[in-house]
Amino acid sequence: MTSLNHPDAQLPAAVPAPTALRRSTGWLIDYAIVMVPGVVLVGLGLASVVNGLAGSAGATAAETALDLVTGSGAGLSKITSSFWSSVTSPLLAAILAVPLLQFLYLSAMLSWWGRTVGKMITDTRVVAAAGQPRLGAGRAVGRAFCTTLLETGLLAVAFVLVITGPRIVGLALWAAAIAAFWLNLVGAVGVRRRTLIDRVTGTAIVRTTVYADAAARAAVLARRTSAAAAAAGRRTSDAAAIAARRTSDAATVAADAAAVAAQMAFEGTATLAASAPVQQAVTGAGQAALRARDSAATLARSVPVQQVKAKTADVAATVAQSAKDGADRLARSAPVQQALNSQAAQQAQALGQAGAQRARELGGQTADRARQVGGRAQQLWRDRRARRSGLPPEVTPAPLEGQWAEIFDEPDPTGPADRPAGSWPAAEPQAAFDPTPSPWPDKRGII
């Protein structure tokens, strides 16, 4: 079925006719579209007439006076007629241009779209009446011609006749144009509201559904958009709720796992602390500390250590006495007496002072070595007790040197490499079993 929006659509019986207000509104819009430029053209024509009258009045008056002087009345009429025609020609052209403009507008719009601008605004259309051929270009041009003739064509010709004459014919034609205009509208009071022009050209003006369809499509689109937005909102809300539940569940599981891990760690630590190996290790460490303290105290009170201390004191006294005796013998010897009486007395005195100073140094070194021997004896006793009890050996101090090493049956590190059989092996380096620096004095006796 052909839609009414198509220019070639025919008029079905059930298609509603437009109301009088809708049709008159469309006609007024189309008439204004034609008359606005028409009024402008007529106004320009009137302005041209006024200018022509003002410019040609002198020449026409001179010709009229000459014609009166010569007594030629026919010449006066000829002069007046030619002057009036030349002055009013722009106005006449503007008046006749108005129906031409209306005809071109109506024929072009009806042929191409089947409606004018006014009918587009009022949502109406010109279609072929029921039982008539389709609305083509010829029918559209015929309707445009009839409409132009009744609305502006007869009036334009009447105005031209009134201006150029005869005026009686022009006035009669003007009255006939008015009557024809109202006679055309009398037919519009019927059910189908078809005017005389509609009946002559086999056309009709009907309502269309362009705006209704657009509104329906907009409503459908709005409903679809609203439904899509609501569905998207529901999906987003559901997704957010699911994500929140999952996050809450994950947080709960993580909290439970952390609590279980903490409880297990606490129970494991308590079980480990209460276990027999740990208790035995703690008890063993305490007993080892007590044994070490008792061993140190016993070693300090032992006979060998006391003997070493006594022997060290005797050796120091012997060395000091030997030094004193040697110094006395040296002072009573003949060479020394001669040296004292000789010119080198100052040198001898200096040597004596140096010897005394050296003796004091030897005494200090002897005391340091005595302390070292005592510490070494204590270390040897602790090591021996540790080997007996199965504990690791403690830090070994630096080995003794010289005659002190012979006292404790140790090899002299400063002597030759070959030692008699049965002598002690050379002490291992301290870093081999303990990287901590030794608290005992080194070979030079410096802490």
**OP:** Find the distance between CD1 (I33) and OH (Y105) and round it off to the nearest 0.5 Å.
**Re:** 3.5 Å
Subject >> Side-chain H-bond candidate by donor/acceptor type, T195 with D198, under 3.5 Å >> reply: yes
Subject >> Any donor-acceptor N/O pair, T152 side chain to T148 backbone, under 3.5 Å >> reply: yes
Original post:
What do the steps show when you test D30 against K119 for side-chain contact (heavy atoms from CB on, under 4.5 Å), and what is the final call?
Top reply: CA-CA 8 Å; D30 293 333; K119 292 178 175 57; 3.9 Å; yes
Subject >> Main-chain N/O of V160 paired to T164 side chain as donor or acceptor, under 3.5 Å >> reply: yes
Original post:
When rounded to the nearest 0.5 angstrom, what distance separates CD1 in I95 from CG in L91?
Top reply: 4.0 Å
Original post:
Quick one: does S226's side chain have a donor or acceptor within less than 3.5 Å of a partner on A222's backbone?
Top reply: no
Original post:
Using 30° and 60° as the class limits, which term best fits the ring planes of F181 and W27: parallel, tilted or perpendicular?
Top reply: tilted
Subject >> Expected output: side-chain T271 to main-chain E267 donor-acceptor under 3.5 Å >> reply: yes
Subject >> Minimum side-chain heavy-atom gap V169-P166 below 4.5 Å >> reply: yes
Original post:
Within the side chain of T147, is there an N or O that forms a donor-acceptor pair under 3.5 Å with the backbone of A144?
Top reply: no
Original post:
Side chains of D368 and Q372: does their closest heavy-atom pair fall under 4.5 Å?
Top reply: no
**OP:** Say whether D383 and Q379, considering side chains only, have a donor N or O and an acceptor N or O under 3.5 Å apart.
**Re:** yes
Original post:
In Å and rounded to the nearest 0.5 Å, what is the CG to OG1 distance from L21 to T25?
Top reply: 4.0 Å
Original post:
Which value, rounded to the nearest 0.5 Å, describes the distance between L196 atom CG and L183 atom CG?
Top reply: 6.0 Å
Subject >> Non-hydrogen atoms of L41 and A94 that approach each other most closely >> reply: O-CB, 3.1 Å
**OP:** In plain terms, say whether R23 and D123 are close enough for a salt bridge, that is, a side-chain N and a carboxylate O under 4.0 Å apart.
**Re:** no
Original post:
When rounded to the nearest 0.5 angstrom, what distance separates OG1 in T116 from CE in M120?
Top reply: 7.5 Å
**OP:** Determine yes or no for a side-chain-to-main-chain donor-acceptor pair under 3.5 angstrom, with R194 supplying the side chain and T203 the backbone.
**Re:** yes
Original post:
For T225 and L221, what are the C-alpha separation, side-chain angles and deciding distance, and is it a side-chain contact (heavy atoms from CB on, under 4.5 Å)?
Top reply: CA-CA 6 Å; T225 304; L221 181 60; 4.0 Å; yes
Subject >> G38 versus V98, closest heavy-atom pair with distance >> reply: CA-CG2, 3.5 Å
Subject >> Donor-acceptor pair, side chain of R22 and main chain of T122, under 3.5 angstrom >> reply: yes
Original post:
Does some side-chain heavy atom of R245 sit less than 4.5 Å from a side-chain heavy atom of I242?
Top reply: yes
Subject >> side-chain contact (heavy atoms from CB on, under 4.5 Å) evaluation trace for R143 with I197 >> reply: CA-CA 7 Å; R143 179 183 173 82; I197 295 175; 4.1 Å; yes
Subject >> Separation of R125 CZ from L110 CG (nearest 0.5 Å) >> reply: 10.0 Å
Original post:
Are the side chain of S111 and the backbone of A108 linked by a donor-acceptor contact shorter than 3.5 Å?
Top reply: no
Original post:
Quick one: are L101 and P37 in side-chain contact, heavy atoms under 4.5 Å?
Top reply: yes
Original post:
Is R167 reaching over with its side chain to a backbone N or O of L161, donor-acceptor style, under 3.5 angstrom?
Top reply: no
Subject >> Contact check, side chains of V141 and F103, non-hydrogen atoms, under 4.5 Å >> reply: yes
**OP:** State, with a plain yes or no, whether a side-chain heavy atom of V162 is found less than 4.5 Å away from one of L171.
**Re:** yes
Original post:
Any sub-3.5 Å donor-acceptor pair from N184's side-chain atoms to A180's backbone N or O?
Top reply: no
Subject >> For L154 against A177, the heavy-atom pair lying closest together >> reply: CB-CB, 3.4 Å
Original post:
Stepwise, does the side-chain contact (heavy atoms from CB on, under 4.5 Å) test hold for E151 with Q102?
Top reply: CA-CA 9 Å; E151 293 181 358; Q102 185 180 15; 2.6 Å; yes
Subject >> Partner residues of E361 under the salt bridge (Lys or Arg N to Asp or Glu O under 4.0 Å) criterion, sequence neighbours left out >> reply: R358
